[in-house]
Q: 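Supplied in structure tokens, the structure appears directly below.
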Number of protein chains: 2
Amino acid sequence: MYLKKIPDEHDCGISVALKIVGGKWKAWIINCISKGMIRPSQLHRELTVTSPRVINIHLRELEKYGIIDKIVHPGLPLKVEYFLTETGKSVLPIIDIMERWGDNHRQPVNEPDN
Amino acid sequence: MYLKKIPDEHDCGISVALKIVGGKWKAWIINCISKGMIRPSQLHRELTVTSPRVINIHLRELEKYGIIDKIVHPGLPLKVEYFLTETGKSVLPIIDIMERWGDNHRQPVNEPDN
DNA sequence: CAATATAGGGAAGAAAACTTCCCTACATGA
DNA sequence: TCATGTAGGGAAGTTTTCTTCCCTATATTG
């Protein structure tokens, strides 16, 4: 979790939603968990573009916001599993529509890149 | 527009969509334009939480991505108007669903704030 | 004994995003 | 003449977000 100097006010729904789904990896992580990749090591293997550290940070954040639940199975070897909460499941349509839109508008957004 | 050191790859639709709708003000600006606030000075007056400079930067960016069109009416005094393109209009459902979700989940996301 | 797998975090640095300050240029109204 | 309204940008600074490096700890496998 990152320290914020300026508290945000959650004045509009958009900014609330962006706390969950904005950012570079959160939506992807939520997507992965919804598809059954519920153990940290699975996520680490799938998201090789980022380091495990990055995924962990986002998992803590999503847990803090009540999007995912963490279940620690007692005993060794360690076994941890993440699940989407009801709130977390309600985010999936947002991710879905964003993914569809992005897939259909890759060109116009992509072209002007320098 | 901001200079980027690391080019992004647009590998997934989510990241494409977030280029338009992520960030602190872009979704809000798109929303305002769709509601008829099409002149720069109108937007500046409405979004007093940010400086005009910030809005201008985002307007350039949205224009670059083909989300809005800029029409400069010739003659003085200067008159400029922005319109959503067809691509821009197709973004509105994303903003809408994000806003709804955020309004309905203010508490769980808001609570853990320090 | 060393390597790998499990799960995770502190510190520090890099990049991206946001913000403020101050500037151009023209016209109108006080 | 001076203030305000129109539209906009350069430079520099701050904040937020992302990333890398290097640690802890235990169990299993080679």
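Residue numbers begin at 1 in each chain, while the letters A, B, ... track the order of the sequences. This one's a predicted model, so the numbers in the text were calculated from it and none came from an experiment.
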Q: Whole-Å distance between C/dG10 C1' and A/Leu3 CG?
A: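 Rounding to the nearest Å, CG of A/Leu3 and C1' of C/dG10 are 14 Å apart.
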Q: Nearest to the side chain of A/Val54, which nucleotide is it out of C/dT6, D/dG10, D/dT19?
A: D/dT19
Q: Between B/Lys26 (NZ) and C/dA17 (P), how many Å, whole number?
A: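 Atom NZ in B/Lys26 sits about 7 Å away from atom P in C/dA17.
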Q: Atom CG of B/Leu43 and atom C1' of D/dG8: how far apart are they, to the nearest Å?
A: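 Distance check: B/Leu43 CG to D/dG8 C1' gives 14 Å.
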Q: Could you give the CD-to-P distance, from B/Glu81 to D/dG8, as a whole number of Å?
A: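 Atom CD in B/Glu81 sits about 12 Å away from atom P in D/dG8.
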Q: Would you indicate which nucleotide in D/dC21, C/dT19, C/dG8 comes nearest to any side-chain atom of A/Tyr82?
A: C/dG8
Q: What's the closest nucleotide to the side chain of B/Arg53 if the choices are D/dA7, C/dG8, D/dA11?
A: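 Of the options given, the side chain of B/Arg53 lies nearest D/dA11.
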Q: Between A/Asn56 and B/Glu61, which is nearer to the 5' end of DNA chain C once each is assigned its nearest nucleotide?
A: A/Asn56
Q: Can you name the nearest heavy-atom pair linking B/Arg39 to B/Leu78, along with the distance?
A: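 Where B/Arg39 meets B/Leu78 most closely, the heavy atoms are NH2-O, 3.5 Å.
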Q: Taking CG from A/Leu78 and C1' from C/dG8, how many angstroms apart are they, rounded to a whole number?
A: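 Answer to the nearest Å: 9 Å.
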Q: Start at the 5' end of DNA chain D and walk down; is the nucleotide closest to B/His44 or to A/Ser51 reached first?
A: B/His44
Q: For C/dA17 and B/Trp25 - does any side-chain N or O of the residue sit under 4.0 Å from the phosphate oxygens OP1/OP2?
A: no
Q: For the side chain of B/His58, counting heavy atoms from C-beta on, which of D/dG8, C/dC18, C/dT19 is nearest?
A: C/dC18
Q: Given C/dT19, is OP1 or OP2 found less than 4.0 Å from the side-chain N or O atoms of B/Lys24?
A: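 Yes, within the criterion.
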Q: For A/Ile68 and A/Tyr82, which heavy atoms make the closest approach, and how far apart are they?
A: CD1-CD2, 3.7 Å
Q: Main chain of A/Ile38, side chain of A/Gln42: is a donor-acceptor contact present, judged purely on distance under 3.5 Å?
A: yes
Q: Within this structure, what is the CD1-to-P distance between A/Ile57 and D/dT17, rounded to whole angstrom?
A: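 Interatomic distance, CD1 of A/Ile57 to P of D/dT17: 12 Å.
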Q: Any side-chain heavy-atom pair from B/Asn31 and B/Glu99 closer than 4.5 angstrom?
A: yes
Q: Report the nucleotide, chosen from C/dC18, C/dT6, D/dA7, that has the shortest atom-to-atom distance to any side-chain atom of A/Arg39.
A: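 Per side-chain heavy atoms of A/Arg39, the pick is C/dT6.
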Q: Check this for me: does any side-chain nitrogen of one of A/Lys64 and A/Glu61 sit under 4.0 Å from a carboxylate oxygen of the other?
A: no
Q: Is the shortest side-chain N/O distance from A/Lys4 to OP1 or OP2 of D/dT14 below 4.0 Å?
A: no
Q: Report which part of the nucleic acid A/Lys70 touches: base, sugar-phosphate, or nothing (heavy-atom distance under 4.0 Å, all strands).
A: sugar-phosphate
Q: Any idea which of D/dG8, C/dA7, D/dC18 is nearest the B/Arg60 side chain?
A: D/dG8
Q: Under 4.0 Å between a side-chain N or O of A/Ser41 and OP1 or OP2 of C/dA7?
A: yes
Q: OP1 or OP2 of C/dA17 less than 4.0 angstrom from a side-chain nitrogen or oxygen of B/Lys19, does that happen here?
A: no
Q: Check whether any side-chain N or O of A/Arg45 sits under 4.0 Å from OP1 or OP2 of C/dT6, and answer yes or no.
A: yes
